[in-house]
Amino acid sequence: MADYKHTLNLPETEFAMRGNLAQREPEFLKRWDDMDLYGKLRQAGAGKPLFVLHDGPPYANGDIHLGHAVNKILKDIIVKSKVLSGFDAPYIPGWDCHGLPIELQVEKKKGKAGVKISPAEFRKACREYAMRQVEGQRKDFKRLGVIGDWDHPYLTMDFKFEADIIRALGRIIDKGHLHKGAKPVHWCIDCGSALAEAEVEYEDKTSPAIDVRFEVLDEAAFMAQCQHVPGKSGKGPLSVVIWTTTPWTLPANQAVALNPELDYVVVQTDGIGEHVPERLVIAHALLEDVMARYGQEHYHVIANVKGQALEGLKLAHPFYEREVPIILGDHVTTEAGTGAVHTAPGHGQDDYVVGSRYNLKVDNPVDGSGKFVPGTPLLEGQHVFKANDAVLDILKTKNALVHQAALRHSYPHCWRHKSPIIFRATPQWFISMNQQGLRKTALEQIKQTQWVPSWGEARIIGMVENRPDWCISRQRTWGVPIALFVHKQTNEPHPRTNELIETVAKRVEEKGIDAWFDLEPEELLGAEAKDYVKVTDTLDVWFDSGVTHYAVLKQREGIEANPVADLYLEGSDQHRGWFQSSLLTSIAMYGTAPYKAALTHGFTVDEKGHKMSKSKGNGVEPQKVANTLGADILRLWVAATDYRTEMSGSDQILKRTADAYRRIRNTIRYLLSNLYDFDPAQHALPADKLLSLDKWAVARTAQLQDSMLQDYEKYEFHHIYQKVHNFCAVDMGSFYLDITKDRQYTTQKDSHARRSTQTAMYHIIEAIVRWLAPILSFTAEETWNFIPGQRNESVFLNGWYQLPVVSLDGELAMQDWARIIEARDAINKELEQLRVAGGIGSGLAADVTLYCGREIHDLLAKLGDELRFVLITSTATIQPVSDAPPAEAQHYTLRNGDEMWVAVSPSAHTKCVRCWHHREDIGVNSEHPELCGRCVENVVGSGEQRRFA
RNA sequence: GCCUUGAUAGUUUAAUUGGUAAAACACUCGACCGAUAAUCGGGCGUUUCUGGUUCGAGUCCAGAUCGAGGUACCA
């Protein structure tokens, strides 16, 4: 048998079938670094319309996890797609560097600031620690193929940034949003300082649980609000009874809270203990429990009243000469107690919130060491927990104690000392939501912003509507100072605050935040210094990151006057966090939101939808994925997953993604391998000279590209993934590439038929490589250099591909090809039947006869002899239905109603050794006895002509 | 507890205004041996559950279950 293989145009390429991504990707990273891709992108972008995706800073602590990877990859996909769409899209990554978690890490190694180590040294250690964290995270982010200004990221601890935080604060003060107030904080008596939420742990503790009378002052006014039970009149004193587990907070009591919706009763008792008959006010739902607790068997309800009706009525404090009002709050429940809650705004978060609604005094008679301050009647100098007994004694003396018991319950403790902590009001700084209309403007601006997904709007509106004033002060070491001098008497900031802040900012720009902590007030205030106190509180770190629009957007991304980014993109937790802190500071400073659109992605969860955690061992580490499957697989997973809800990730799911990747990669490889001898400059045919099927392929590609560009526009990457994959597997793999294989391989190298396919393939690969670039960045860059023709050094330095416009209006239109595909599917089913029956192996061993209804007949007839190439069979004959299909022919009804009978049979002819078609005309040329006529023509003749396929 | 949000084949995603549940992957059976750790063909769902509205519900309504994010409370 003669060997004709050398007369075929078999595919060849150096583009590896296996990606070897984990090993190869670092080479591309180096290449991008060496060519300064980011710098080149900026140069190329000069003058183009700007698209700013402003990066939200991750916290500089710990290794990056899958959620970080998702966030950065989504941002990268968007930035890159905008570049391809012709925008100048800078990307400046940043880090959040101050704050408690870093302090705690440093404290573990160096000890507590101000105790074992000076605050200045402590801050230095924090700065060094944060820097190391940034290095580690930067390395991991870069490894994922994220392109950005990694050499010049923004760090909230840069001296310049720290100075700008102070300037931003100055501007907010200037606009009148700051106020000083008091707020209860967790306070450890042993530490002598406030604790952050993260430093509090909950443990069981036994406390005295007491019921206390608050006598009604104006009995007539009270009873007037009630509905009396007929025939029941009462006698004896009338009191509202509260229940508390912290007797020591009673000195700070300012009110008694009832639930407006609850039913309360006035109950007549015979007398509790040795006391005389009296009337008590209790929530109806708790009446039986309470009476049982008091040991009362004989009692009766004499009146009913809604909590609502009692608002504002005055009660007597149990042991001070003080009138306290009845107030209303939804936090009052019937789970425990009496339905009436002792309210001390200085000693509880809830009491503070409800108290601020009623303008109650935030009284805190307890000092930092837990003792009642001088001047506290009856209790001065006593330690709060020991004062419990004293309070009980006083209550007994005043006949105010109804009942007492011990209660074991969960109670906050200091994580260092394991000792119970207290709530204690301390002076704090706030950004007011209302005094300059911040809340109102924020709500207006939220409506001006595009939220993706749209429910983000309702979410953040709900939060902004309900949030209290923003407490921006912390009593911490590693943070940007609230650089104010306040008057010793008035507590007011210095009148020249504006100017002082700029002076301080300049110093901080030189020396960092220590410039403030080291500052002697005299240096700036001179003789006035004796009247002022230098504030040493630090800012909430949410303030730091909240002003990146000022410190970064305004100063580095080419947006000057009023920094507004095109897009902020973060996880859904940031409606509470960065989206909000950025919104509030921006409005306080400029009156507008800092972003035009805010996009949120869900959290990463495992395949069952449960959150990832170390203890469950269901986590996916991005570093590990990059080093085994490759970063492109992780990127493909991010793109393939609908980020609007939770994103499921697991080893299984990533393996599926890797399988899908291989399909895409092999399609690319096959296209490249068929272009090894193709030079577009020399061989490309004009669009109107292409074969019909090749026109279809180009048109299909263009169609898909249009819809994909819309998907990029709408940030719906999972649709792009589905479309690309489907294109590779269906349009290309099972149809176009399968059919054109014969033409590629068997026609003459430089024939019109072959150059036509190559032209189509060339356009297709030029398009695909760009579709993929934002997602499979490494693979696209690798592909870029394998595509024939002149090209620049990176796929990212290009726009989307302009596919040639093809017109299929001639004999076969797009919908005609769709119907041909439909007919082909039916024929494939029959071929499979024959194959299973053992009649044939390859489809090329079969003859097909079709008995067709009118329309499909006319359509297939247009293909003439080339129908067999479309069906990939040796012969394909069409007959009208009137020719009476044989019994063995299978009947199909096509979508347009046309009928078709399909008959398949093994070919009677021998197989051409070159093209593998079974043909009657094998051996027509005696010099090539094993070849069919067509192959003879292609080997020694002038080559076959094709029109359609 | 409250606010926001989700649930479609083993997996990832589709399904205009309610109108026969669609792909791909995986799996499986087979073919090919000129994309070969590749390629081609054939095969697989009570749309989480329970009710309701409707001629008709994945889609609308009510409730439940399980999950995610945020927030509050434990006086």
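In this text the structure is predicted, and so the values were computed from the model without any measurement. All chains are named by letter (A, B, ...) in the order of the sequence lines, taking the proteins before the strands, and each is independently numbered beginning at 1.
- When heavy atoms are screened at a 4.0 angstrom cut-off, Asn726(A) is found touching the sugar-phosphate backbone but no base atom.
- The side chain of Lys723(A) contributes no N or O atom lying less than 4.0 Å from OP1 or OP2 of A24(B).
- Going from atom NE2 of His610(A) over to atom P of A68(B) covers 6 Å, rounded to whole Å.
- Residue Asp351(A) is classed as having no contact, given no heavy-atom separation below 4.0 Å to the nucleic acid.
- Taking atom CG on Leu654(A) and atom C1' on A26(B), their separation rounds to 15 Å, with Å as the unit.
- Checking A24(B) for Watson-Crick or G-U wobble geometry (two distances, each under 3.5 Å) identifies U11(B) as its partner.
- At the heavy-atom level, Lys5(A) lies under 4.0 Å from base atoms of the strands shown.
- Nucleotide U16(B) has no partner under the Watson-Crick or G-U criteria, as no pair reaches both atom distances under 3.5 Å.
- Base contact: Arg459(A) has a heavy atom under 4.0 Å from a base atom.
- At a threshold of 4.0 angstrom between heavy atoms, the contacts of Thr249(A) with the nucleic acid are absent.
- Under the 3.5 Å distance criterion, the side-chain polar atoms of Arg635(A) are matched with a main-chain donor or acceptor of Ile775(A).
- A22(B) and G42(B) have their P atoms separated by 16 Å, given to the nearest Å.
- For the P atoms, the distance from U4(B) to C61(B) is 14 Å, rounded to whole Å.
- For the C1' atoms, the distance from U16(B) to G52(B) is 26 Å, rounded to whole Å.
- Atom-to-atom, CD of Glu822(A) to P of A23(B) comes out at 12 Å; the value is rounded to the nearest Å.
- A perpendicular orientation is assigned to the rings of Phe385(A) and Trp248(A), their planes being inclined by more than 60° (bins at 30° and 60°).
- Across all strands, Arg662(A) comes closer than 4.0 Å only to sugar-phosphate atoms, never to a base (heavy-atom distances).
- Not a single donor-acceptor pair, N or O on each side, falls under 3.5 Å between the base of A26(B) and the side chain of Arg656(A).
- Across the C1' atoms, C32(B) and G41(B) are found 10 Å apart, a figure rounded to whole Å.
- Map Gly462(A) and Gly733(A) each onto its nearest nucleotide of RNA chain B; the residue landing nearer the 5' end is Gly462(A).
- Proximity of Thr645(A) to the phosphate of A7(B): no side-chain N or O atom is located under 4.0 Å from OP1 or OP2.
- Both Arg914(A) and Val605(A) lie near RNA chain B, and the one whose nearest nucleotide falls closer to the 5' end is Arg914(A).
- To the nearest whole angstrom, the two P atoms, one in U39(B) and one in A68(B), are 38 Å apart.
- Listed pair Arg835(A) / C32(B) fails the phosphate criterion, with no side-chain N or O lying under 4.0 Å from OP1 or OP2.
- Atom CG in Asp738(A) sits roughly 11 Å away from atom C1' in A35(B) (whole-Å rounding).
- One cannot find a donor-acceptor pair under 3.5 Å joining the base of G6(B) and the side-chain atoms of Glu646(A).
- Side-chain N/O atoms of Lys741(A) and base N/O atoms of A35(B) include a donor-acceptor pair closer than 3.5 Å.
- The side chain of Leu737(A) lies closest to A35(B) when the candidates are A35(B), U12(B), C25(B).
- If you check distances only, the side chain of Arg644(A) never reaches the base of G6(B) with a donor-acceptor pair under 3.5 Å.
- When the P atom is used for both C25(B) and U54(B), the distance is 43 Å, rounded to whole Å.
- To the nearest 0.5 Å, atom OG1 of residue Thr604(A) and atom CG of residue Leu66(A) are 4.5 Å apart.
- Note: Phe786(A) and Phe15(A) have perpendicular aromatic rings, judged against thresholds of 30 and 60 degrees for the angle between ring planes.
- Using the six-membered ring where Trp is involved, Trp771(A) and Phe727(A) have ring planes that are perpendicular, over 60° apart on the 30 and 60° scheme.
- At a threshold of 4.0 angstrom between heavy atoms, the contacts of His575(A) with the nucleic acid are absent.
- When the side-chain nitrogen and oxygen atoms of Thr245(A) are compared with OP1 and OP2 of A75(B), one or more of them lie within a distance under 4.0 Å.
- Pair check for A38(B) finds none; no Watson-Crick or G-U wobble contact set falls under 3.5 Å.
- Remark: P of C25(B) and NE2 of His718(A) are 19 Å apart, rounded to the nearest angstrom.
- For C66(B) and U48(B), the C1' atoms lie 8 Å apart once the distance is rounded to whole Å.
- We find that NZ of Lys714(A) is positioned 11 Å from P of A14(B), with the value rounded to whole Å.
- The distance from atom CD1 of Ile764(A) to atom CE of Met732(A), rounded to the nearest 0.5 Å, is 4.0 Å.
- Within the 4.0 angstrom heavy-atom criterion, only backbone atoms of the sugar-phosphate kind lie near Arg669(A); the bases stay farther away.
- Ring to ring, Phe869(A) and His917(A) are close: their centroids are under 6.0 angstrom apart.
- Listed nucleotides A35(B), G30(B), U12(B) differ in distance to Ile653(A); the shortest reach to its side chain belongs to U12(B).
- The separation between Glu832(A) atom CD and G41(B) atom C1' is 5 Å, rounded to whole Å.
- Ionic pairing of Glu832(A) and Arg835(A) is present here: one or more N-O contacts between side-chain nitrogen and carboxylate oxygen are shorter than 4.0 angstrom.
- The OH-P distance, from Tyr745(A) to U39(B), rounds to 12 Å in whole Å.
- Ring geometry for Phe579(A) versus Trp451(A): interplanar angle over 60°, hence perpendicular rather than tilted (30 to 60°).
- Ring-base stacking between Trp916(A) and G34(B) is satisfied, the centre separation being under 5.5 Å and the plane angle under 30°.
- Ranking U13(B), C25(B), U39(B) by closeness to the Asn666(A) side chain, first place goes to U39(B).
- In this structure, Thr244(A) reaches the sugar-phosphate backbone alone: every heavy-atom distance under 4.0 Å involves primed, P, OP1 or OP2 atoms, never a base.
- For Arg18(A) and U36(B), the shortest distance from a side-chain N or O to OP1 or OP2 is not below 4.0 Å.
- For the pair Phe735(A) and Ile821(A), the minimum side-chain heavy-atom distance is below 4.5 Å.
- Residue Ser648(A) is in sugar-phosphate contact alone, with no base atom involved, counting any heavy-atom pair closer than 4.0 Å across all strands shown.
- The side chain of Val730(A) lies closest to A24(B), out of A14(B), A68(B), A24(B).
- If you take atom C1' in A57(B) and the same atom in U11(B), they sit 26 Å apart, rounded to whole Å.
- When both distances must be under 3.5 Å, the Watson-Crick or G-U wobble mate of A57(B) does not exist.
- Nucleic acid contact for Ala458(A): none, since no nucleic acid atom lies under 4.0 Å from a heavy atom of the residue.
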